[in-house]
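These notes concern the structure reproduced below.
Not measured: the values here are computed from a predicted model. Residue numbers start from 1 in every chain, and the chains themselves are labelled A, B, ... in the order their sequence lines are given, proteins ahead of strands.
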There are 2 protein chains.
Amino acid sequence: MADGVGGGQIKRPRYDPDRLLEVAVQQFIHRGYEATSMAQLAKAAGLGKSSIYHHFPSKEAILHRALSRALDALFAVLEEEGARLGPPAARLEHLLRRTVEVLVLELPYVTLLLRVRGNSKTELWALERRRHFDRRVAELVAATASTGVLRQGLDPGLGARLLLGMVNSISEWYRPGGPLSAADLARVAASVGLHGISGQRGPAPPGPPAR
Amino acid sequence: MADGVGGGQIKRPRYDPDRLLEVAVQQFIHRGYEATSMAQLAKAAGLGKSSIYHHFPSKEAILHRALSRALDALFAVLEEEGARLGPPAARLEHLLRRTVEVLVLELPYVTLLLRVRGNSKTELWALERRRHFDRRVAELVAATASTGVLRQGLDPGLGARLLLGMVNSISEWYRPGGPLSAADLARVAASVGLHGISGQRGPAPPGPPAR
DNA sequence: CTTTCCCGACCGGTCGTTCGGTTCCCATTT
DNA sequence: AAATGGGAACCGAACGACCGGTCGGGAAAG
């Protein structure tokens, strides 16, 4: 009821940086970061152009905060128990499944992250952090390969790229409220991906001899 | 022969629209379309800003031509024999494999196409043509499903999206001159994708004896 | 000598950002 | 309960730089 305004007017609640960030990221995704002007941003927020600079020191700072939020959420997955303990294949499954869940939970921020191309210092910083994440996935795929589960002749690095490409592409079409829950989508996507890079027909790899 | 320039010099020969397009697309990919100014474009081409307007009537026209080139190449794949005749699974394999090959062959143009978000009339046009292509892939996945090859419980639409996401993501990291040829990459990617969406414990699909 | 290609100078408009000053919220004081 | 003080939120106007695009004329190719 604190939200419910008795007056019947459309409330124009005052902004704090995170609230404004939400609006800004929406615009950045819809129009593209570079193509979104501060004037459009201000109009979308129902503010004057100059008011935005009370919450953020620059346009790029808005982007930085948004990308940081996405990256923090992704890196948190790497620290989860399921991604650190157990056989490589199970860890990889957990990592992929949780990555999809985070992608969906923080959809706008991760979407923005995945569109960054390295045009500014902030974008380069985000790109490098993202590369670190990708490398961790690649290492896990390589570990999976050493247990003989990986498809013969498939380079682990290539497998990791294809996996991440598939998973990341979800941000381009998934919209909340659809028929598919985040958890279900994550399970299916991880399963499809892992099955794709795993051994084709012989489930019994010749011999990763006792080790 | 048109390529063979007699002079061994780093000639800065006069431009025609396609030559200029090549330079422009490079810039668009590196900086982003909106973030690339005509001045930067001109400098990259070694021309004055106004000279560009001798070859293209507007900045957007450059984008249109680039996107058209990518789309034409992709749609041509749909008309190939291998994509029209035979069992659905084989047609899908052909379509995916050839799509990767085209993506690699026309890498800059397809890359640009895949980054379009619909900010202008031209981008909306490209987006819709691309949706048509994607729909054709989805139809083929659905046809594959009706033959029982598709993994149980996997929605064909979802399978198609995951497939296309994986395949399209190749444009984000593939660089010509690497260790992997276009044909090899295409074979591997199509195989990984198809295996991912196909039945889990291979019940020996009744029909296609895979050439 | 015509056609193609190219240039510098310039246009109105928009960009991100700055600035001085006003309005709102709310804890504290009276 | 009324008055007050102060920081947070907000605004319109204006800045220099740069945007995409235009124009009339000059160089070079055929």
### Query
Roughly how many Å is it from CG in B/Leu20 to P in C/dT4, rounded to a whole number?
17 Å

### Task
Between protein and nucleotides 11-25 of chain C, map the contacts as a letter string: B base, S sugar-phosphate only, - none, heavy atoms under 4.0 Å, written 5' to 3'.
----SBBBB----BS

### Task
May I ask you to check if A/Lys59 and A/Tyr33 form a cation-pi contact, with NZ or CZ under 6.0 angstrom from the six-membered ring centre and within 45° of the axis?
yes

#### Entry: Phosphate contact (C/dC6 OP1 or OP2) by B/His55 side-chain N/O below 4.0 Å
yes

Contacts under 3.5 angstrom, residues 77-89 of chain B side chains, donor-acceptor by atom type, not counting sequence neighbours:
residue	atom	partner	partner atom	Å
B/Glu80	OE1	B/His94	NE2	2.7
B/Glu80	OE1	B/Arg98	NE	2.9
B/Glu80	OE2	B/Arg98	NE	3.0
B/Glu80	OE2	B/Arg98	NH2	2.7
B/Arg84	NE	B/Glu79	O	2.9

### Task
Return the set of residues passing salt bridge (charged side-chain N to carboxylate O under 4.0 Å, His left out) with A/Asp155 (not counting sequence neighbours), or none when no residue passes.
none

### Query
Just wondering, are more than 12 heavy atoms of other shown residues or ligands nearer than 6.0 Å to NE2 in B/His64?
yes

### Message
With no hydrogens and no angle check, just 3.5 Å: does a side-chain donor-acceptor pair link B/Glu60 and B/Thr122?
### Response
yes

